[in-house]
Amino acid sequence: MEHSKEEEEQRMEDSDDEEESVGCVADRARLLDADSEPVAARAAIAPYIEDIDSYMRYLEKLRRPTDYMPMTGEVTPSWRAILVDWLVEVADEFNFPADTLHLAVSYVDRFLSAGAIVTRELQLLGAASMLLAAKYETDEYAHKAKDYSYITNNLYTEQQVVKMEADILNKLKFEMGSPTARTFLRRYVTICPRGDVKKLEFLCSYLADLSLLDYDCTKFKPSVVAAACLFVARFTINPNSRPWNLVLQRRVGYKVSDLRCCILKIHRLQSIGTYPSIKETAIKDKYSHCELECVSAMGSPREIPYYFLQDIKQ
(Lines give C-alpha, C1' and ligand atoms only; values in the text may rest on other atoms or scores of the structure.)
Protein backbone atom coordinates (compact mmCIF):
# COMPACT_ATOMS: atom_id res chain seq x y z
CA MET A 1 0.00 0.00 0.00
CA GLU A 2 1.53 3.28 -1.10
CA HIS A 3 1.65 6.32 1.14
CA SER A 4 1.50 9.92 0.03
CA LYS A 5 4.42 12.25 0.66
CA GLU A 6 2.34 14.11 3.25
CA GLU A 7 1.59 10.86 5.14
CA GLU A 8 5.27 9.90 5.18
CA GLU A 9 6.27 13.32 6.50
CA GLN A 10 3.60 13.11 9.21
CA ARG A 11 4.83 9.66 10.26
CA MET A 12 8.39 10.99 10.50
CA GLU A 13 7.23 13.95 12.61
CA ASP A 14 5.27 11.64 14.93
CA SER A 15 8.32 9.40 15.27
CA ASP A 16 10.54 12.37 16.12
CA ASP A 17 8.00 13.59 18.71
CA GLU A 18 7.88 10.14 20.30
CA GLU A 19 11.68 9.92 20.52
CA GLU A 20 11.85 13.43 22.01
CA SER A 21 9.12 12.54 24.53
CA VAL A 22 10.94 9.39 25.64
CA GLY A 23 14.17 11.33 26.00
CA CYS A 24 12.40 13.91 28.13
CA VAL A 25 11.02 11.15 30.37
CA ALA A 26 14.58 9.96 31.03
CA ASP A 27 15.80 13.50 31.76
CA ARG A 28 12.92 14.14 34.15
CA ALA A 29 13.71 11.00 36.14
CA ARG A 30 17.44 11.68 36.52
CA LEU A 31 18.85 12.84 39.82
CA LEU A 32 21.91 14.50 38.32
CA ASP A 33 21.95 16.89 35.39
CA ALA A 34 22.41 15.20 32.05
CA ASP A 35 25.21 17.70 31.41
CA SER A 36 27.53 17.60 34.39
CA GLU A 37 28.08 20.86 36.23
CA PRO A 38 31.21 22.83 35.40
CA VAL A 39 34.15 22.17 37.69
CA ALA A 40 34.15 25.83 38.76
CA ALA A 41 30.49 25.58 39.84
CA ARG A 42 31.12 22.44 41.90
CA ALA A 43 34.15 24.05 43.51
CA ALA A 44 32.12 27.14 44.43
CA ILE A 45 29.44 25.04 46.14
CA ALA A 46 31.81 22.62 47.90
CA PRO A 47 32.49 24.75 51.01
CA TYR A 48 28.75 25.00 51.71
CA ILE A 49 27.68 21.38 51.12
CA GLU A 50 27.71 20.43 54.81
CA ASP A 51 25.80 23.57 55.82
CA ILE A 52 23.19 22.98 53.12
CA ASP A 53 22.78 19.37 54.20
CA SER A 54 22.39 20.40 57.86
CA TYR A 55 19.71 22.93 56.92
CA MET A 56 17.83 20.39 54.79
CA ARG A 57 17.83 17.94 57.73
CA TYR A 58 16.53 20.68 60.02
CA LEU A 59 13.81 21.53 57.50
CA GLU A 60 12.72 17.92 57.01
CA LYS A 61 12.02 17.64 60.75
CA LEU A 62 10.17 20.94 60.79
CA ARG A 63 7.86 20.08 57.87
CA ARG A 64 7.24 16.37 58.32
CA PRO A 65 3.64 15.14 58.22
CA THR A 66 2.19 13.62 61.36
CA ASP A 67 0.69 10.14 61.60
CA TYR A 68 -2.58 11.53 60.33
CA MET A 69 -4.36 8.45 58.98
CA PRO A 70 -6.27 7.63 62.20
CA MET A 71 -7.66 11.19 62.16
CA THR A 72 -8.75 11.46 58.53
CA GLY A 73 -11.99 9.51 58.72
CA GLU A 74 -12.79 8.32 55.20
CA VAL A 75 -9.25 8.48 53.75
CA THR A 76 -7.34 5.20 53.97
CA PRO A 77 -3.79 4.16 52.97
CA SER A 78 -5.28 2.46 49.89
CA TRP A 79 -7.12 5.60 48.81
CA ARG A 80 -3.93 7.58 49.29
CA ALA A 81 -1.95 5.08 47.17
CA ILE A 82 -4.51 5.35 44.36
CA LEU A 83 -4.24 9.15 44.50
CA VAL A 84 -0.42 9.04 44.33
CA ASP A 85 -0.55 6.63 41.39
CA TRP A 86 -2.85 9.08 39.60
CA LEU A 87 -0.51 11.98 40.41
CA VAL A 88 2.32 10.06 38.72
CA GLU A 89 0.20 9.98 35.56
CA VAL A 90 -0.59 13.70 35.90
CA ALA A 91 3.10 14.58 36.27
CA ASP A 92 3.89 12.57 33.14
CA GLU A 93 0.99 14.15 31.26
CA PHE A 94 2.30 17.64 32.05
CA ASN A 95 5.96 16.62 31.53
CA PHE A 96 6.87 17.62 35.07
CA PRO A 97 10.16 16.47 36.61
CA ALA A 98 9.99 13.86 39.37
CA ASP A 99 10.86 16.53 41.97
CA THR A 100 7.51 18.22 41.29
CA LEU A 101 5.69 14.94 41.89
CA HIS A 102 7.46 14.38 45.22
CA LEU A 103 6.76 17.92 46.36
CA ALA A 104 3.07 17.60 45.44
CA VAL A 105 2.73 14.39 47.48
CA SER A 106 4.41 16.10 50.43
CA TYR A 107 1.78 18.88 50.21
CA VAL A 108 -0.98 16.27 50.28
CA ASP A 109 0.46 14.62 53.40
CA ARG A 110 1.11 17.89 55.19
CA PHE A 111 -2.40 19.15 54.38
CA LEU A 112 -4.00 15.95 55.68
CA SER A 113 -1.87 16.26 58.81
CA ALA A 114 -3.55 19.61 59.45
CA GLY A 115 -7.13 18.37 59.08
CA ALA A 116 -9.48 15.71 57.72
CA ILE A 117 -10.96 15.70 54.24
CA VAL A 118 -13.77 13.70 52.65
CA THR A 119 -12.83 11.09 50.06
CA ARG A 120 -14.68 12.86 47.25
CA GLU A 121 -12.30 15.83 47.60
CA LEU A 122 -9.09 13.78 47.72
CA GLN A 123 -8.47 14.03 43.97
CA LEU A 124 -9.14 17.76 44.15
CA LEU A 125 -6.49 18.03 46.87
CA GLY A 126 -4.05 16.11 44.68
CA ALA A 127 -4.70 18.27 41.62
CA ALA A 128 -4.29 21.53 43.55
CA SER A 129 -1.14 20.21 45.24
CA MET A 130 0.36 19.41 41.84
CA LEU A 131 -0.53 22.89 40.60
CA LEU A 132 1.23 24.49 43.58
CA ALA A 133 4.27 22.22 43.32
CA ALA A 134 4.62 23.05 39.62
CA LYS A 135 4.45 26.76 40.37
CA TYR A 136 7.04 26.41 43.12
CA GLU A 137 9.46 24.20 41.17
CA THR A 138 9.60 25.92 37.80
CA ASP A 139 8.35 28.86 35.76
CA GLU A 140 8.75 27.10 32.43
CA TYR A 141 5.11 26.10 32.20
CA ALA A 142 1.86 28.03 32.03
CA HIS A 143 -0.04 26.91 35.11
CA LYS A 144 -3.78 27.44 34.91
CA ALA A 145 -6.43 26.07 37.21
CA LYS A 146 -8.60 25.09 34.25
CA ASP A 147 -5.94 22.60 33.12
CA TYR A 148 -6.21 20.85 36.47
CA SER A 149 -9.97 20.87 36.30
CA TYR A 150 -9.70 19.23 32.87
CA ILE A 151 -7.22 16.59 34.08
CA THR A 152 -9.84 15.40 36.59
CA ASN A 153 -12.31 14.91 33.70
CA ASN A 154 -14.01 18.10 34.91
CA LEU A 155 -15.05 16.40 38.13
CA TYR A 156 -14.14 19.69 39.81
CA THR A 157 -14.59 23.22 38.50
CA GLU A 158 -11.83 25.74 37.96
CA GLN A 159 -13.19 27.68 40.94
CA GLN A 160 -12.94 24.61 43.18
CA VAL A 161 -9.31 24.08 42.17
CA VAL A 162 -8.49 27.73 42.97
CA LYS A 163 -10.23 27.49 46.35
CA MET A 164 -8.39 24.27 47.26
CA GLU A 165 -5.14 25.91 46.20
CA ALA A 166 -5.82 28.74 48.66
CA ASP A 167 -6.81 26.27 51.39
CA ILE A 168 -3.50 24.40 50.98
CA LEU A 169 -1.49 27.62 51.15
CA ASN A 170 -3.28 28.65 54.33
CA LYS A 171 -3.05 25.23 55.98
CA LEU A 172 0.68 25.03 55.18
CA LYS A 173 1.15 28.68 56.26
CA PHE A 174 2.72 29.42 52.87
CA GLU A 175 5.74 27.28 53.83
CA MET A 176 6.04 25.54 50.47
CA GLY A 177 9.72 24.62 50.41
CA SER A 178 10.26 21.14 51.78
CA PRO A 179 13.07 18.61 51.17
CA THR A 180 12.00 15.27 49.69
CA ALA A 181 13.79 11.94 49.28
CA ARG A 182 15.07 13.15 45.91
CA THR A 183 16.65 16.19 47.57
CA PHE A 184 18.92 13.88 49.58
CA LEU A 185 19.39 11.24 46.89
CA ARG A 186 20.89 13.85 44.60
CA ARG A 187 23.79 14.21 47.05
CA TYR A 188 23.99 10.57 48.11
CA VAL A 189 24.45 9.31 44.56
CA THR A 190 27.50 11.51 44.08
CA ILE A 191 29.18 9.84 47.08
CA CYS A 192 29.13 6.41 45.43
CA PRO A 193 32.13 5.20 43.41
CA ARG A 194 31.89 5.94 39.71
CA GLY A 195 30.41 3.08 37.73
CA ASP A 196 27.10 2.76 35.93
CA VAL A 197 25.88 6.00 37.51
CA LYS A 198 22.87 6.35 35.24
CA LYS A 199 21.50 2.93 36.20
CA LEU A 200 22.00 3.74 39.88
CA GLU A 201 20.23 7.08 39.40
CA PHE A 202 17.22 5.56 37.66
CA LEU A 203 16.96 2.72 40.15
CA CYS A 204 17.10 5.13 43.08
CA SER A 205 14.48 7.32 41.37
CA TYR A 206 12.24 4.31 40.80
CA LEU A 207 12.47 3.17 44.41
CA ALA A 208 11.89 6.70 45.69
CA ASP A 209 8.76 6.98 43.52
CA LEU A 210 7.55 3.61 44.82
CA SER A 211 8.00 4.83 48.38
CA LEU A 212 5.44 7.58 47.68
CA LEU A 213 2.73 4.92 47.35
CA ASP A 214 3.12 3.55 50.86
CA TYR A 215 1.71 5.63 53.69
CA ASP A 216 4.07 3.89 56.12
CA CYS A 217 7.00 5.58 54.38
CA THR A 218 5.74 8.97 55.60
CA LYS A 219 6.79 7.85 59.08
CA PHE A 220 10.44 7.97 57.98
CA LYS A 221 12.32 11.19 57.34
CA PRO A 222 13.02 11.85 53.63
CA SER A 223 16.77 11.55 54.29
CA VAL A 224 16.18 8.07 55.71
CA VAL A 225 13.99 7.04 52.76
CA ALA A 226 16.68 8.30 50.39
CA ALA A 227 19.41 6.34 52.18
CA ALA A 228 17.26 3.18 52.20
CA CYS A 229 16.61 3.58 48.45
CA LEU A 230 20.34 3.89 47.83
CA PHE A 231 21.00 0.77 49.93
CA VAL A 232 18.42 -1.31 48.05
CA ALA A 233 19.55 0.03 44.66
CA ARG A 234 23.17 -0.89 45.33
CA PHE A 235 22.07 -4.31 46.61
CA THR A 236 20.01 -4.85 43.44
CA ILE A 237 22.88 -3.94 41.12
CA ASN A 238 25.42 -6.03 43.02
CA PRO A 239 23.72 -8.48 45.42
CA ASN A 240 27.01 -10.16 46.35
CA SER A 241 28.64 -7.01 47.64
CA ARG A 242 27.81 -5.20 50.87
CA PRO A 243 25.59 -2.21 49.93
CA TRP A 244 26.70 -0.01 52.82
CA ASN A 245 30.25 0.90 53.78
CA LEU A 246 32.08 3.20 56.15
CA VAL A 247 32.34 5.98 53.56
CA LEU A 248 28.58 6.03 53.02
CA GLN A 249 27.94 5.72 56.75
CA ARG A 250 30.13 8.74 57.44
CA ARG A 251 29.01 10.91 54.51
CA VAL A 252 25.29 10.06 54.66
CA GLY A 253 25.22 10.08 58.43
CA TYR A 254 23.27 6.86 59.02
CA LYS A 255 24.27 3.42 60.22
CA VAL A 256 22.48 0.40 58.76
CA SER A 257 20.59 -0.04 62.04
CA ASP A 258 19.15 3.48 61.54
CA LEU A 259 17.81 2.42 58.15
CA ARG A 260 16.85 -1.24 58.66
CA CYS A 261 13.06 -0.83 58.94
CA CYS A 262 12.92 1.50 55.95
CA ILE A 263 15.24 -0.76 53.91
CA LEU A 264 12.92 -3.73 54.44
CA LYS A 265 9.90 -1.61 53.48
CA ILE A 266 11.53 -0.37 50.25
CA HIS A 267 12.77 -3.86 49.39
CA ARG A 268 9.26 -5.25 49.80
CA LEU A 269 7.79 -2.52 47.56
CA GLN A 270 10.42 -3.36 44.95
CA SER A 271 9.64 -7.09 45.14
CA ILE A 272 5.95 -6.56 44.34
CA GLY A 273 6.48 -3.47 42.17
CA THR A 274 3.35 -1.80 43.45
CA TYR A 275 1.20 -1.12 46.49
CA PRO A 276 -0.79 -4.19 47.65
CA SER A 277 -4.19 -2.70 46.74
CA ILE A 278 -3.12 -1.63 43.22
CA LYS A 279 -2.70 -4.21 40.45
CA GLU A 280 -0.59 -2.16 38.07
CA THR A 281 1.05 1.17 38.79
CA ALA A 282 2.03 4.02 36.53
CA ILE A 283 5.42 4.00 38.28
CA LYS A 284 6.31 0.44 37.28
CA ASP A 285 5.21 1.11 33.70
CA LYS A 286 7.16 4.38 33.52
CA TYR A 287 10.43 2.78 34.60
CA SER A 288 10.03 -0.23 32.31
CA HIS A 289 11.33 1.73 29.29
CA CYS A 290 14.81 1.07 27.93
CA GLU A 291 15.61 4.77 28.18
CA LEU A 292 15.20 4.38 31.95
CA GLU A 293 17.41 1.27 31.92
CA CYS A 294 14.29 -0.94 32.46
CA VAL A 295 14.99 -0.66 36.20
CA SER A 296 11.45 -1.67 37.23
CA ALA A 297 12.15 -5.08 35.69
CA MET A 298 15.32 -5.53 37.70
CA GLY A 299 14.92 -8.01 40.51
CA SER A 300 16.92 -8.49 43.66
CA PRO A 301 17.16 -11.58 45.90
CA ARG A 302 14.00 -12.17 47.92
CA GLU A 303 15.94 -11.84 51.17
CA ILE A 304 18.66 -9.39 52.10
CA PRO A 305 21.46 -11.31 53.83
CA TYR A 306 21.39 -10.87 57.59
CA TYR A 307 24.95 -9.58 57.80
CA PHE A 308 24.19 -6.85 55.24
CA LEU A 309 21.68 -5.47 57.75
CA GLN A 310 24.19 -5.35 60.58
CA ASP A 311 26.17 -2.25 61.47
CA ILE A 312 29.67 -2.03 60.06
CA LYS A 313 32.43 -2.26 62.62
CA GLN A 314 34.87 0.59 62.58
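Residues: numbered from 1 along the sequence shown.
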Chemist: Please test T218 against D109 for side chain to side chain donor-acceptor pair (under 3.5 Å), starting from the C-alpha separation and ending with a verdict.
Modeler: CA-CA 8 Å; T218 65; D109 289 326; 5.5 Å; no
Chemist: Quick one: do K163 and D167 make a salt bridge, cutoff under 4.0 Å?
Modeler: yes
Chemist: Of Y68, Y275, F220, which is the lone residue that meets ring-ring contact (aromatic ring centres under 6.0 Å, His included) with Y215?
Modeler: Y68
Chemist: Which atom pairs, one a donor and one an acceptor, fall under 3.5 Å between side chains of residues 119-131 and the rest of the protein, sequence neighbours left out?
Modeler:
{"from": "T119", "atom 1": "OG1", "to": "E74", "atom 2": "OE1", "distance (Å)": "3.0"}
{"from": "S129", "atom 1": "OG", "to": "L125", "atom 2": "O", "distance (Å)": "2.8"}

Chemist: Taking atom CH2 of W86 as the centre, does the number of heavy atoms from other residues, nucleotides or ligands within less than 6.0 Å exceed 12?
Modeler: yes
Chemist: Under the ring-ring contact (aromatic ring centres under 6.0 Å, His included) test, which residues partner Y287, sequence neighbours left out?
Modeler: Y206
Chemist: What residues form a side chain to side chain donor-acceptor pair (under 3.5 Å) with E293, not counting sequence neighbours?
Modeler: none
Chemist: So that I know where these two stand, are Y148 and F94 an aromatic pair - ring centroids less than 6.0 Å apart?
Modeler: yes
Chemist: Mind checking what makes side chain to side chain donor-acceptor pair (under 3.5 Å) contact with N238, not counting sequence neighbours?
Modeler: none
Chemist: Under the criterion side chain to side chain donor-acceptor pair (under 3.5 Å), I'd like the reasoning laid out for S271 against R302: C-alpha separation, chi angles, the key distance, then a yes or no.
Modeler: CA-CA 7 Å; S271 66; R302 291 185 60 186; over 6 Å; no
Chemist: Which residues pass the side chain to side chain donor-acceptor pair (under 3.5 Å) test with E50, sequence neighbours left out?
Modeler: R187
Chemist: Flag the pair D53 / R251 as yes when at least one side-chain heavy-atom distance between them is below 4.5 Å, and no otherwise.
Modeler: no
Chemist: Examine distances only and state if a side-chain atom of D285 and a backbone atom of A282 form a donor-acceptor pair shorter than 3.5 Å.
Modeler: no
Chemist: Could you tell me if the side chain of E60 sits less than 4.5 Å from the side chain of S178, heavy atoms only?
Modeler: no
Chemist: Looking at every heavy atom in both H102 and A208, which two are closest together, and how far apart are they?
Modeler: CE1-O, 3.5 Å
Chemist: Under the ring-ring contact (aromatic ring centres under 6.0 Å, His included) test, which residues partner Y107, sequence neighbours left out?
Modeler: none
Chemist: Are D258 and K255 ion-paired here, with the side-chain N under 4.0 Å from a carboxylate O?
Modeler: no
Chemist: For F231 together with Y188, are the ring centres under 6.0 Å from each other?
Modeler: no
